[in-house]
There are 2 protein chains.
Amino acid sequence: MTNGTKPATIADVAARAGVSVPTVSRVLTGAARVSPAKRELVEAAIAELHYRPSAAARVLVSRKAQVIAVIAGDTSRYGYAEAIRGIEEDARAAGYTVMITVVETADDDEVDRAISATLTQPLAGAVVLKFDAPGVAALSRLPADVPVVALSGVRDTAVPQAVLDETRAAEELTDYLLGLGHPTVHHVRIPPSRREDGRTTGWRRALRKADAAIPPTFDSTWDPRDAVDVGTQIAKDPAVTAVFCGNDEIAMGVIRGIADAGLRVPEDVSVVGFDNHPLSGLWSPPLTTAEQDFAGLGRRGLQLLLKEIDGEESKRYSSERPPLVIRSSAAAPNPQRVSAAASGHVAESA
Amino acid sequence: MTNGTKPATIADVAARAGVSVPTVSRVLTGAARVSPAKRELVEAAIAELHYRPSAAARVLVSRKAQVIAVIAGDTSRYGYAEAIRGIEEDARAAGYTVMITVVETADDDEVDRAISATLTQPLAGAVVLKFDAPGVAALSRLPADVPVVALSGVRDTAVPQAVLDETRAAEELTDYLLGLGHPTVHHVRIPPSRREDGRTTGWRRALRKADAAIPPTFDSTWDPRDAVDVGTQIAKDPAVTAVFCGNDEIAMGVIRGIADAGLRVPEDVSVVGFDNHPLSGLWSPPLTTAEQDFAGLGRRGLQLLLKEIDGEESKRYSSERPPLVIRSSAAAPNPQRVSAAASGHVAESA
DNA sequence: CTGAAAGCGCTAACAG
DNA sequence: CTGTTAGCGCTTTCAG
C-alpha cells in the first residue's frame, strides 16, 4: 500500500537546489548565514520535494532531542488527562513532541520494562506524574542523566517539581467543615501514592489543630462506583456528620450511596470533594471542593523542565495553593444526628 | 546537574566484552546466532555499563521505527482519553511507544504546523481520532507514505478504520424514546466533526422512519456547563418531552438546567445521553445511554494499524455496535405536557 | 558566505 | 559463528 517513493533526503534537496548539503542544513537550522539567493533556491527545492528532515539523523549527530516523555500511571483519569493536556500544549509551543508512557504498577521490574522502550528514544527530558505509587516508582527508576521534573501534590523529592499544595487545601477544606460546627470530619481516601497522601495529611492536621477526634479513614478505589458502597456504609453510622472525600468523583459516589440509604446531603451529612471536576458544579447538590488546576500544573512542570534542559539551575520548585470552591454539599450539622451519635443511637431519617 | 558521563555506546560494550561491534548488535537484536560464551560476555558488559541502545541510530540504519503517533483534537475529553489508553496499552505490548499530537483547529496551516514536528520523527504509523473537525482535517494532511488508521463513529474514509457505530446506536436510542410514547424526540448536538455526525444522522433516521416531526436541533459545546442553558431553554418549551443528547456530559448539563427550571426528569421530560460515562450511572436520575467502548476502539484501531505496518492487506475495517444502557432518565411522556404542547400552551409544573 | 571531509551509533551485507 | 567494511541522513568542523 505504501507507494515505493522513498522520502527525499537532504542530499536530494541540495542536488535540486544546486548547492552543497551543508548549505541546506544551514537554511534548515539557521545556524549560519546563507545568501538570500541560495536560501531561496533551497526553500524552493524543499517545497517541491516535500522534504522533511529526519529527526533520527538530526538527533544522532546534534545530540539534541526534541521529545519529552510523560510518565503516568493512567492517562484517562481526569487530573492526569488535564495535566497531560497542559504539558502537551506548552511542549508543542516550545517545539517539542510529547511521548506517553504508562506505568501500571509500582513493581520495579514492571516499571523498568515500561520505561525502557521510552528511554532508548532520544529524550530531551521527562515529566513524571507522581500522584500515585507507579509514578513514585517510575521516578526512582529513571537514570540520572535525563532531565526530569515531577508533578505532585506534595513537595518532597530531590528532583525539581511543580506542586499543587494538596496538604494545605485539604487542611482548609477540613477547617471549613469544622467551622460549620461539625464535631469532627471523616475521610474517604483515594489510593495513596505513598504511606500517606497530602490530602490525608492535611485533613489530619486540621483535626489535630482543632483538637477533634481523628476517626479511622474509609478507603476507596479510583472508580466512583465503588465509592457508592462507602456512602451507604457511612449513612449507617450516625457518628458521621461530615465527610471529606479524596476527590470529586469519589464524593459523587459517596453522595449517591448516602442518598440511596435515604439520607440527604447536606442536611443529614455534609460531603466535600477535591479537584473541582467539571461535573462537580452540576451535581445535586453542587459540590463544595478545592480547585485543582491540573492543566496549569502540567504547564508549570514543563516550564521547569525546559529550564533544566537549558541548564538553568534557578527555580526547582513551583508551588500553588488550590483555592476552595464553596458550593452547597456541606452545611451545618444536623443537631438530631449529632445528639444521636453522642448517645450511641442509630438515627435513620429515612 | 547532569553529570558529565556520556552514555555508553555499542563500541564501549564491544570493547568491554572483547568482541566486535556487530556481535554486540547481534545479541541485541537477536538477528543471528552468537556463541553462548560471547553472548554472556556481552550481556555482562551491557549490564555493567548500563548500556541502552540509541533508538535514533537504530532507526536511521534499520529504517524500522518503533513510534506510533496518536493524533487527536483533545486529549482530556473522556472518550479520547479512553481511546488513547487503549492504544497505548496495546502499543506498549507490541513494543511500540506512543507519541501524542494534539491538533486544535481544522485549519490546514495550523494542522500542518501541529503534525510537522511529529512527522519528522521516525514513525511506524499513526492513529487518528477522527471524531471531530480537527481530526478529520489531520487525516487529510497526513502524507500517503505513513501507515494510518482512523478511529471514528461512522464508516466513511478510504483509510482503514475502527468504528463504533454511532448512527445505529443513536437510531436505537431514539427508537426507544419513541417506543415510550413520545410524539417526537429533540436533539442536542455535540460540536460536529463533519456536516452531520452519526449521532445526529441516527436520530434523524429514527424520526423519519417513525414519521415523527423532525424538530430543529439544539447545539452545545463540549463543556457540560454550557449545556445547562440548553436545559433551561428546553424546559420553557412544552413541545419538548424527550431529548437525545450528543453525549452524557451534555445530558447531565441539560438535566441540571431542566431541574433548575423546576421540571423533573424523567416525569416531565425524558433525557438520554450517549457514551455511558463512568458517572452516568451515579447521576440523578441515572442516565439511559449507549455504551461506547472507547478503550476497546483504540485497541481495535491499533491492531488494524499493526497489520497495516506488517503489510497485511486483509481487514480494513473493524466495526462494533454500541449496546443500549437503559437506566431511568427516560420514561413515558407526561400526558399533561403533551396536551399542553398540542394546544400551544406553556405548562410550568414548577 | 560556502563546500569538502569527518563522523554521530548503529545494523547490513560480506567474507572468512 | 564472527570480524571487516559500508553506509543510514544529518550537522559540525575546517578550509577556502
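Below, chain A is the first sequence line, B the second, and so on; all start at residue 1. Note that the coordinates shown come from a computational prediction; the quantities given were computed from them, not determined experimentally.
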- Query: Listed by chain and number, what are the side-chain hydrogen bond (donor to acceptor under 3.5 Å, both in side chains) partners of A:R58, not counting sequence neighbours?
  - Reply: none

- Do any pairs count as a side chain to side chain donor-acceptor pair (under 3.5 Å) and have a residue in residues 24-42 of chain A, sequence neighbours left out, and if so which ones? none

- Query: Among all residues two or more places apart in sequence or in another chain, which pass the side-chain hydrogen bond (donor to acceptor under 3.5 Å, both in side chains) test with B:D293?
  - Reply: none

- Note on the structure: Terminal axes of the helix from C:dC1-D:dG16 to C:dG16-D:dC1 (5 end pairs apiece), angle rounded to 10 degrees, sit apart by 30°

- Stepwise, does the side-chain contact (heavy atoms from CB on, under 4.5 Å) test hold for B:V103 with B:R141? CA-CA 11 Å; B:V103 177; B:R141 311 297 297 174; over 6 Å; no

- How does protein reach along nucleotides 6-16 of chain C, written 5' to 3' as B (base within reach of a heavy atom under 4.0 Å), S (only sugar-phosphate), or - (no contact)? -BBBBBBB---

- Query: Do you know the tightest heavy-atom contact between A:P134 and A:G73?
  - Reply: CB-CA, 4.3 Å

- For B:R194, side-chain hydrogen bond (donor to acceptor under 3.5 Å, both in side chains) partners two or more places apart: B:D156

- Task: Please state whether the rings of B:F294 and B:Y78 are parallel, tilted or perpendicular, taking 30° and 60° as the class boundaries.
- Result: perpendicular

- Task: Only counting residues at least two apart or in another chain, list the ones meeting side-chain contact (heavy atoms from CB on, under 4.5 Å) with A:D107.
- Result: A:T105, A:D109, A:E110

Check residues 91-102 of chain A and write down every donor-acceptor pair under 3.5 Å in which the side-chain atom is one partner and the other belongs to a residue at least two apart or another chain.
residue	atom	partner	partner atom	Å
A:R92	NE	A:E88	OE1	3.3
A:R92	NE	A:E88	OE2	2.9
A:R92	NH2	A:E88	OE1	2.9
A:T101	OG1	A:T118	OG1	2.6

- Name every residue in residues 34-43 of chain B that has at least one heavy atom under 4.0 Å from any atom of DNA chain C, in order of residue number, or write none if there are no such residues. none

- Task: Go through the steps for B:I87 and B:L305 under the test side-chain contact (heavy atoms from CB on, under 4.5 Å), then give the verdict.
- Result: CA-CA 10 Å; B:I87 294 168; B:L305 182 62; over 6 Å; no

- Go through the structure and list residues passing side-chain hydrogen bond (donor to acceptor under 3.5 Å, both in side chains) with B:Q303, not counting sequence neighbours. B:D90

- Message: Below 4.0 Å from chain A heavy atoms, what is the first contacting nucleotide of DNA chain D and what is the last?
- Response: D:dG9 to D:dT12

- Query: Restricting to pairs with a member in residues 60-84 of chain B, which pass salt bridge (Lys or Arg N to Asp or Glu O under 4.0 Å), not counting sequence neighbours?
  - Reply: B:D74-B:R77, B:R77-B:D132, B:E82-B:R85

